[in-house]
Amino acid sequence: MPELPEVQTVVSDLNRKIKGDVITDFWSEWPKAINGKSLDAFKKEIKGRKVLEARRIGKNIFIDLSGGKTLYIHLKMTGHLLIKQKAESNGYFSDRVNQYIRHIFHIGKDKTMEFSDMRKFGKIVLDDTEKISELKEVKKLGIDAMSAEFTFRKFNEILDRKQKAVIGILLMDQETISGIGNIYRSEVLYDADISPKRKAADLSLDDRKRLYDSIRRILKLAIKLRGTSDSDYRDTSGAPGGFQKVMKVYKQQGKKCGKCGGTIEREKMGQRSVFFCPGCQA
DNA sequence: AGTTGTGTTGAAGA
DNA sequence: ATCTTCAACACAAC
């Protein structure tokens, strides 16, 4: 489940591994993932373009290419990108989760970028850079949770604007703040000692400050640990991240809370599971 | 062996 | 406007 830290890891890897390289060919067994044009047209349009820079907003990946084009990729739930070099032996690539290769970008002389996506929810769009920014799903994205613009002041304004919103749901709303998904909303709220059920309007100034600090701290730590590989997510080498080793509440229901000794609970919020400690999180 | 849980997002329904 | 539910799809666990 690639959320902001996982996508950040991928984007950093791409800039390290394929920046400056030319895309020479493309193959797909699931052209339905390609939005807006046929497989043939896509192939023609991408061939020969150089990778200038990878970047992201929230969980959305943008790979800027030469000639004013941008490749927009959303990994959705089970997607991840693998960069392989020919004749390279890497034990990770044979893992089950890395076997669902739906699309292959041939890059340079001897590299590929392979899109593994078990559930085929992933999305690929290629268009003019400006047109990609104008896509409705891109345009409506809220402020990125790790961007410099996402200050406490801004966060406080959002909470004032969304008075009635339940905080556990609001944190995951990509149109408000982009980047936080189901894993990190639970971890962040636990870190801040705030119940997911609280309403935005009911959070005191002190609560808000703790929550903001927790968002930044947890995401930063998760980026440092190269994301969470609870199930499907892998980095571009096919290797798992490390955040699952330090997870405190996500999927920890029934276990003891490290802070108060109480029991971690799981509940449905929306139709997703939220995890929390009823003792610590008031 | 059928049912359920898994989570991101968009669309449809209320 | 805003909330809820479902559908996209595949597989593991029960």
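In what follows, chains are A, B, ... by sequence order, proteins preceding strands, each numbered from 1.
Listed by chain and residue number, nothing satisfies the ring pair (Phe, Tyr, Trp, His ring centres under 6.0 Å) test with Tyr233(A) (two or more places apart in sequence, or in another chain). By the ring pair (Phe, Tyr, Trp, His ring centres under 6.0 Å) test, Tyr190(A) pairs with no residue at all, sequence neighbours left out. Residues satisfying the salt bridge (charged side-chain N to carboxylate O under 4.0 Å, His left out) criterion with Lys139(A), sequence neighbours excluded, are Glu134(A). Partners of Lys37(A) by side-chain hydrogen bond (donor to acceptor under 3.5 Å, both in side chains), not counting sequence neighbours, listed by chain and number: Glu45(A). Not counting sequence neighbours, Asp25(A) has no partner by the side-chain hydrogen bond (donor to acceptor under 3.5 Å, both in side chains) test. For Phe121(A), the ring pair (Phe, Tyr, Trp, His ring centres under 6.0 Å) test picks out no residue, with sequence neighbours left out.
Residue pairs meeting the ring pair (Phe, Tyr, Trp, His ring centres under 6.0 Å) criterion with at least one partner in residues 1-22 of chain A, sequence neighbours excluded, are absent. Pairs engaging residues 238-251 of chain A under the side-chain hydrogen bond (donor to acceptor under 3.5 Å, both in side chains) rule: Asp230(A)-Lys251(A) [sequence neighbours left out]. For residues 146-156 of chain A, the pairs satisfying side-chain hydrogen bond (donor to acceptor under 3.5 Å, both in side chains) are Asn156(A)-Arg208(A), with sequence neighbours left out.
Residue contacts shown for Tyr233(A) are absent, as no nucleic acid heavy atom lies under 4.0 Å away. Among the protein residues, Ser273(A) comes within range of the sugar-phosphate backbone only, with heavy atoms under 4.0 Å from sugar or phosphate atoms but none that close to a base.
Figure legend: cation-pi geometry between Lys84(A) and Phe93(A), with NZ or CZ positioned under 6.0 Å from the six-membered ring centre and within 45° of its axis.
Going from atom NZ of Lys268(A) over to atom P of dT5(C) covers 12 Å, rounded to whole Å. Atom CG in Asp230(A) sits about 11 Å away from atom P in dT8(B), given to the nearest Å.
DNA chain B lies under 4.0 Å from at least one heavy atom of each of the following residues of residues 158-190 of chain A: Gln174(A), Gly181(A), Asn182(A).
Between Leu203(A) and Leu159(A) the shortest heavy-atom distance is CD1-CD1, 4.3 Å.
Consecutive Watson-Crick or G-U pairs involving DNA chain B, each under 3.5 Å on both distances, make up stems of three or more pairs at B:2-6 with C:10-14, B:8-14 with C:2-8.
Rounded to a whole angstrom, the distance from the P atom of dC9(C) to that of dA1(B) is 26 Å.
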The contact string for nucleotides 6-14 of chain C, one letter per nucleotide 5' to 3', using protein heavy atoms under 4.0 Å with B, S and - for base, sugar-phosphate only and none, comes out as B-BBBSS--
